[in-house]
Amino acid sequence: AAAAAAAASSNMAAVGQTENLTELENLNEQTLLLELQARYNRDVIYTYVGEILVAVNPFKAIDGIYSGQKSLEYTNLTDRSIKAPHIFATADAAFASMANNPAGKLANQVCVISGESGAGKT
């Protein structure tokens, strides 16, 4: 039984290494917070939970995170799983969907930005 548990744990990513938390075997409030904290401690502020992008305010500047080069890396990204989670991926996907659909219901886009007052939503 111990060998099976060790083998199973060797197939699991280290805490804070999963970019889409829906890939975790057991996603609950505790594991979500643990993953976000581990990523935050490494200045990795973006994490996917399915189609949702979770952003944690770093309360400091992070070099290169919003550079022109970083923006280009996420332009026309057809498979977001090949790049680390980023607001640029979400923005580009929304824009592409809007631009590539005819006017009408399919062209409408909504991005919900939620958080506490002073959390850095601007």
Might you point out which heavy atoms bring [X] and [Y] nearest each other, and give the distance in Å?
| X | Y | result |
| --- | --- | --- |
| Thr90 | Leu53 | OG1-CD2, 3.5 Å |
| Pro58 | Ile45 | CB-CG2, 3.8 Å |
| Lys70 | Ile65 | CG-O, 3.4 Å |
| Gly50 | Asn20 | N-OD1, 2.9 Å |
| Asn57 | Gly118 | ND2-O, 4.3 Å |
| Ala89 | Tyr74 | CB-CD2, 3.5 Å |

Using a 3.5 Å distance criterion without hydrogens, assess whether the side chain of [X] forms a donor-acceptor pair with backbone atoms of [Y].
| X | Y | value |
| --- | --- | --- |
| Asp92 | Thr75 | no |
| Thr47 | Val54 | no |
| Ser97 | Ala94 | no |
| Arg39 | Val56 | no |

Asn100: partners by side-chain contact (heavy atoms from CB on, under 4.5 Å), with sequence neighbours left out: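 In terms of side-chain contact (heavy atoms from CB on, under 4.5 Å), with neighbours along the sequence ignored, Asn100 is linked to Ala96.
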
Residue list, side-chain contact (heavy atoms from CB on, under 4.5 Å) with Ile113, at least two apart or on another chain: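 Ile113: side-chain contact (heavy atoms from CB on, under 4.5 Å) contacts with Lys121.
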
Nearest 0.5 Å please: distance from the [atom1] atom of [X] over to the [atom2] atom of [Y].
| X | Y | atom1 | atom2 | result |
| --- | --- | --- | --- | --- |
| Glu19 | Ile82 | CD | CD1 | 11.5 Å |
| Gln30 | Glu35 | CD | CD | 11.0 Å |
| Leu32 | Thr18 | CG | OG1 | 11.5 Å |

So does [X] have more than 12 non-hydrogen atoms from other groups sitting under 6.0 Å from [atom1]?
| X | atom1 | value |
| --- | --- | --- |
| Asp63 | CG | no |
| Ile52 | CD1 | no |
| Tyr66 | OH | yes |

Pairwise ring pair (Phe, Tyr, Trp, His ring centres under 6.0 Å) hits with a residue in residues 14-46, at least two apart: Tyr46-His86

